[in-house]
Amino acid sequence: MRKLPREFYDRDTEQVARELLGKLLVRRIDGVSRIGKIVETEAYLGVHDLASHSSRGRTPRTEVMFGPPGYAYVYIIYGVHHCLNVVTEPEGHASAVLLRALEPVRNIESNTKGPGLLCRALGIDRRLNGHDLTGGELFLSEPERIEPFEIEARPRIGVDYAREWAEKPLRFIIRGNPSLSRK
DNA sequence: AGGATGATATCC
DNA sequence: GATATCATCCTC
């Protein structure tokens, strides 16, 4: 299993968001690996991006975003759902990629078509906030085989408050994949 | 179209 | 301490 190295995340966020498509997200619980293929991502570009949590400044919640790349930023949204991001670019840049949907590959029974649903299916919660993604219980890896696909860019979801940033095509999907989130 | 449900940031 | 807001999901 070829785990993505920290250098993978230490690059332009939009590029990381694109290249994460087709990669595997692996969650190990009690020796069992739940694996899904990433089919939908969103890039959050740092403190100037009004849709990014980090644009509100450095707070206890966003602390991980301001740290080094290759770590998980997990937060609770609407008091109900968890969302998983991977931190990108050098320390202090405060950018990240939100994982929005997976195609089940192994040991996944429930719905993964949405950021909250994929966290539920993989047993991801706040305890994994700040977790090193080059570690053992949650990481990303290169798939064994790569099916060819086309990337499509669209506006991000749920960020209407971000004015001109709301319309930028920073959401990336594998075109036509059946496991995309609705909308 | 609207409610759930609670952490978080920001105000007093 | 109170309040407004939320990178969502589900039901109607």
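So that the names make sense, note that chain A is the first sequence line, chain B the second, and so on, each numbered from 1.
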Short heteroatom pairs, N/O only, protein and nucleotides 10-12 of chain B, under 3.5 Å:
none

Quiz prompt | Strand partner of B:dC12, provided both Watson-Crick or wobble distances fall under 3.5 Å | solution =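 Its partner: none found.
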Practice problem: Please give the nucleotide sitting opposite B:dG2 as a Watson-Crick or G-U wobble pair, both distances under 3.5 Å, or none. | Solution: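 Checking every strand shown, B:dG2 finds its partner in C:dC10, with both distances under 3.5 Å.
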Quiz item: Passes salt bridge (charged side-chain N to carboxylate O under 4.0 Å, His left out), A:E150 versus A:R175? Steps please.
Solution: CA-CA 6 Å; A:E150 287 179 44; A:R175 179 175 289 165; 2.6 Å; yes
Quiz item: Is there a side-chain contact between A:R127 and A:V74 (heavy atoms, below 4.5 Å)?
Solution: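 A side-chain contact under 4.5 Å is absent here.
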Quiz item: With a 4.5 Å heavy-atom cut-off, do A:L140 and A:L25 have their side chains touching?
Solution: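 Of all side-chain heavy-atom pairs linking A:L25 with A:L140, at least one is under 4.5 Å.
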Practice problem: Please step through salt bridge (charged side-chain N to carboxylate O under 4.0 Å, His left out) for the pair A:E147 and A:K37, ending with a clear verdict. | Solution: CA-CA 11 Å; A:E147 311 287 337; A:K37 183 171 92 172; over 6 Å; no
Practice problem: Check step by step if side-chain hydrogen bond (donor to acceptor under 3.5 Å, both in side chains) holds for A:S33 and A:R28. | Solution: CA-CA 4 Å; A:S33 291; A:R28 280 212 183 110; 3.2 Å; yes
Quiz item: What distance separates A:I35 CD1 from A:S141 OG, expressed to the nearest 0.5 Å?
Solution: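 A:I35 atom CD1 to A:S141 atom OG measures 7.0 Å (nearest 0.5 Å).
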Practice problem: Report yes or no: does A:R27 contribute a side-chain atom to a donor-acceptor pair with the main-chain N or O of A:G123 at less than 3.5 Å? | Solution: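 Here the side-chain-to-backbone pair exists.
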Self-check item: Derivation of the side-chain hydrogen bond (donor to acceptor under 3.5 Å, both in side chains) call for A:T88 and A:S95
Solution: CA-CA 6 Å; A:T88 58; A:S95 52; 3.0 Å; yes
Quiz item: Could you write nucleotides 7-12 of chain C as a row of B, S and -, 5' to 3', where a protein heavy atom under 4.0 Å of any base atom gives B, of only sugar-phosphate atoms gives S, and otherwise -?
Solution: BBSS--
